[in-house]
There are 2 protein chains.
Amino acid sequence: MGRNRTKSGKIRLAEVAELAGVSPITASRFFRNPEALSVAKRTRVESAARELGYVPNLAARALASQRTEVIGVLIPSLTNNVFSDVLRGIYDASENSRYSIQLSNTRYSVLQEEKLLRLFLAQKPAGLIVTGIDQTTESRAMLDAADCPIVQIMEIGPNPVDMMIGFSHYEAARAAIAHLFAQGHRKIGFVGARMDPRVQRRLDGYVSAMKDAGLFEQRLVVTTATPTSVTLGGALFTDLLAREPGMDAVFCANDDLALGVLFECRRREIAIPEQIAIVGFNDLEFMASAVPTLTSVRTNRYEMGNTAATMLIDAIDGRRPEHPVLDLGFKVIERQSSSPRRADNRPAVSGAGAANKMVALPSGHD
Amino acid sequence: MGRNRTKSGKIRLAEVAELAGVSPITASRFFRNPEALSVAKRTRVESAARELGYVPNLAARALASQRTEVIGVLIPSLTNNVFSDVLRGIYDASENSRYSIQLSNTRYSVLQEEKLLRLFLAQKPAGLIVTGIDQTTESRAMLDAADCPIVQIMEIGPNPVDMMIGFSHYEAARAAIAHLFAQGHRKIGFVGARMDPRVQRRLDGYVSAMKDAGLFEQRLVVTTATPTSVTLGGALFTDLLAREPGMDAVFCANDDLALGVLFECRRREIAIPEQIAIVGFNDLEFMASAVPTLTSVRTNRYEMGNTAATMLIDAIDGRRPEHPVLDLGFKVIERQSSSPRRADNRPAVSGAGAANKMVALPSGHD
DNA sequence: AGGAACGTTGACAGCGCTACCAGCACAGAC
DNA sequence: GTCTGTGCTGGTAGCGCTGTCAACGTTCCT
């Protein structure tokens, strides 16, 4: 019942060259640097290739040229909505280039990342995109020694390996809390899941903002190592409420958790934002559609992936970017779930009127 | 500022062979078929490879052996939650094999699919995973002529190219409608976005079920080619409501739309399920957490991807599956949003009591 | 006019690995 | 003792392409 392997009837570069009446090497050049050919030969090779339906053998090319046209991408999760947006940006940018994407999943493990990095580097990728700035010493050493351009994505920080694109999760969290302060909230809880380095930094931002205001209390923070989900948001919020019934706002480390909190409030008949305000993180599409609409911190995920891949490809092709570290910033998108609290602390009128208000900020990290 | 290309200090198979005191070809065999070596040489090569940190050059291997260890995967969307689950399954299955995944996005275009297929096939992949059964004639011809195992995923139908794994979207939709009938609903609307072939077949299932009951009306169907989103769910539902205010249930072609409908009902103060019942499709995680909890048709996405990749790898390695066509079925997960309607058609008591009830069915296609 | 400089082309020699086939040693059969 | 079969090993010859360098013709400069 087998699908038999047919004899390779493939046309090679030599065939194309013969039909075009040039040497193989000239034909080869046509595919790598057409400008180097005279117009006459260029058109001859082009039409010969088209006529024969020539497709280059990438393995042979890689072997002869000692480099591949593969961009390695290391991300911590395939499930997470956030990464699917980033990935889409990366794939879109790669689509019109000659580079192909090799994706691997570290599952939020730095050791797995180290292993995959070793694997990738051994194949001499044209470039590398890695997530975050928390590599192991060993990984960092490999990255520093790598002979290809590298982009770190998702956040920015000191000591880039090479290029870097992202924003400050710390400042984004601070901005979210500042927004809640401005709306009159004081007892603000924090809900976080997975607690990967970036969520941790959002927590750090929350803590510092609360401390600055003299309002920090450890019992306002509920976190878990469990992967995030909507259901988990409800569960964590339930915990939080049990610890601190007087809470007047919740900052959720991501939007799934925020949606879970929204549903849990509905279940408990807690009015949003009159009794409790909610702010999420990432501004996924559903946030604008929920009832009430949910405030969130917008991050430019597609743009991040797209720009990362574009910068990387440019760097591979010898056009290094002016600014190797790019801060994409964030925006606090103010919606109904965090409408102003009345000064007398009684329920405010449901603020359904105005559309989304935005507060845009660069990450402004040091 | 450049990151300079260092001289390739890589260790080759020949070095390993020399250290082990065997010929290169014997060392080569060690990596492909260790059983063919005597135990003595096997251990010698193994330790030599470890000592030198040898990593095979895949390009050279591919060139010499005339085949790659790449599995091509063609999916229509990277954004869609549904595919991220399938992909995770595929990546997980590939992780412990020697095959790597090459992913490409057809963006729901069969022409793009055709182009990508041509590209993939030219590189002689070890295997191929393609989405759906609606390839162009040209694509179909290429697949039939391909000399590698192929799995079609997401749905099942007649004339598999090779292997096939999925379920019947048609039957799944019919089961959803049957469930609504059983709960006493009659005027059931359909809301669909994107309208790719699988959504189309869900619509077909809906139409046939409604016609069987003598209840079909064209104005109960609202669809759009626009990509799906929660917000769109609300908008389409609004349309539907304007056309047919007397509607008592909505079947949504996916869960995002269902969530949008839920929010829109809340906005309009329409009671669920008393005034309108909602059924979604796919059973994403948030469906169980929403208020009210949302009925949906569970599909086994992770398992689909995982099994597809496993079957494919087995087939590549010469172990063809007993059943090349696998129906993974579906389950109608009954939740609050479609609780029984009272016979007298007045609002029923909110059915918050019981947990999820399930109705499991094989796709039962012909 | 002579030479340098440039743009364009081609010959050669591998890149690191494996397919194929030959050869060797040893066991068992006759 | 010879023959055949089996298990293991090695030699040879590429896979299809590109890096390097040399060579050619033409133009421009002095």
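For the numbers below, each heavy atom of this structure counts, side chains included, while hydrogens, waters and symmetry mates do not. Quick note on labels: first sequence line is chain A, next is B, and so on, each numbered from 1.
- Distances were taken from every side-chain heavy atom of B:Asn57 (C-beta onward) to each of D:dG10, C:dC17, D:dG16; the shortest belongs to C:dC17.
- A:Arg98 places its CZ atom 16 Å from the P atom of D:dC17, with the value rounded to the nearest Å.
- In this structure, of D:dT9, C:dG16, D:dC17, it is D:dC17 that holds the atom nearest to the side chain of A:Leu13.
- Nucleic acid contact for B:Arg32: sugar-phosphate only, since backbone atoms but no base atoms lie under 4.0 Å from a heavy atom of the residue.
- Here the nucleotide nearest the side chain of B:Lys41, chosen from D:dT9, C:dG16, C:dG10, is D:dT9.
- Remark: B:Thr26 is in phosphate contact with D:dG10, judged by side-chain N or O atoms under 4.0 Å from OP1 or OP2.
- In this structure, A:Arg12 atom CZ and D:dC15 atom C1' are separated by 9 Å, rounded to whole Å.
- Going from atom CG of A:Asn33 over to atom P of C:dT9 covers 12 Å, rounded to whole Å.
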Distances under 3.5 Å between protein N/O atoms and the N/O atoms of nucleotides 22-28 of chain D, please, pair by pair.
none

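- Checking D:dC17, D:dG10, C:dG10 against every side-chain atom of A:Arg61, the shortest atom distance belongs to D:dC17.
- The shortest distance between the side-chain N/O atoms of B:Arg67 and the OP1/OP2 oxygens of C:dA19 is below 4.0 Å.
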Chi angles and distances behind the side-chain contact (heavy atoms from CB on, under 4.5 Å) call for A:Ile165, A:Glu155: CA-CA 6 Å; A:Ile165 180 164; A:Glu155 58 178 325; over 6 Å; no
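- Residues B:Val110 and B:Glu113 have side chains in contact (heavy-atom distance under 4.5 Å, counting atoms from C-beta outward).
- A straight line from CD of B:Glu18 to P of C:dG16 spans 15 Å, rounded to a whole angstrom.
- Contact annotation: A:Ser28 reaches the phosphate of D:dT18 (side-chain N/O to OP1 or OP2, under 4.0 Å).
- Nearest nucleotide to the A:Leu63 side chain, out of C:dT9, C:dC15, C:dG10: C:dC15.
- For B:Ser38, the listed nucleotide lying nearest its side chain is D:dT9; candidates were D:dT9, D:dC17, C:dG16.
- Classification of the B:Phe31-B:Tyr54 ring pair by plane angle, with boundaries at 30° and 60°, yields tilted.
- Checking D:dG10, D:dT18, C:dG16 against every side-chain atom of B:Ala64, the shortest atom distance belongs to C:dG16.
- Ion pairing of B:Arg29 with B:Glu35 is absent here, as no side-chain N (NZ or NE/NH1/NH2) approaches a carboxylate O to less than 4.0 Å.
- With a 4.5 Å cut-off on side-chain heavy atoms, B:Leu103 and B:Ile75 count as touching.
- For C:dC17, neither phosphate oxygen OP1 nor OP2 lies less than 4.0 angstrom from any side-chain nitrogen or oxygen of B:Gln66.
- At a threshold of 4.0 angstrom between heavy atoms, the contacts of B:Tyr54 are confined to the sugar-phosphate backbone, with no base atom among them.
- Distance CG (B:Leu37) to C1' (D:dG10): 12 Å, rounded to an integer number of Å.
- For D:dT18, neither phosphate oxygen OP1 nor OP2 lies less than 4.0 angstrom from any side-chain nitrogen or oxygen of A:Ser65.
- For A:Ile25, the side-chain atoms get nearest to D:dT20 when compared with the rest of C:dC17, D:dC17, D:dT20.
- At least one donor-acceptor pair under 3.5 Å links the side chain of B:Arg42 to the backbone N or O of B:Leu37.
- Between the side chain of B:Arg44 and the backbone N or O of B:Ala20 there is at least one donor-acceptor pair closer than 3.5 Å.
- For A:Phe31 and D:dC17, the CZ to P distance is 9 Å, given to the nearest whole Å.
- Put simply, the side chain of B:Arg29 and the base of D:dG10 share a donor and an acceptor less than 3.5 Å apart.
- Atom CD of A:Glu95 has more than 12 neighbouring heavy atoms from other residues, nucleotides or ligands inside a 6.0 Å radius.
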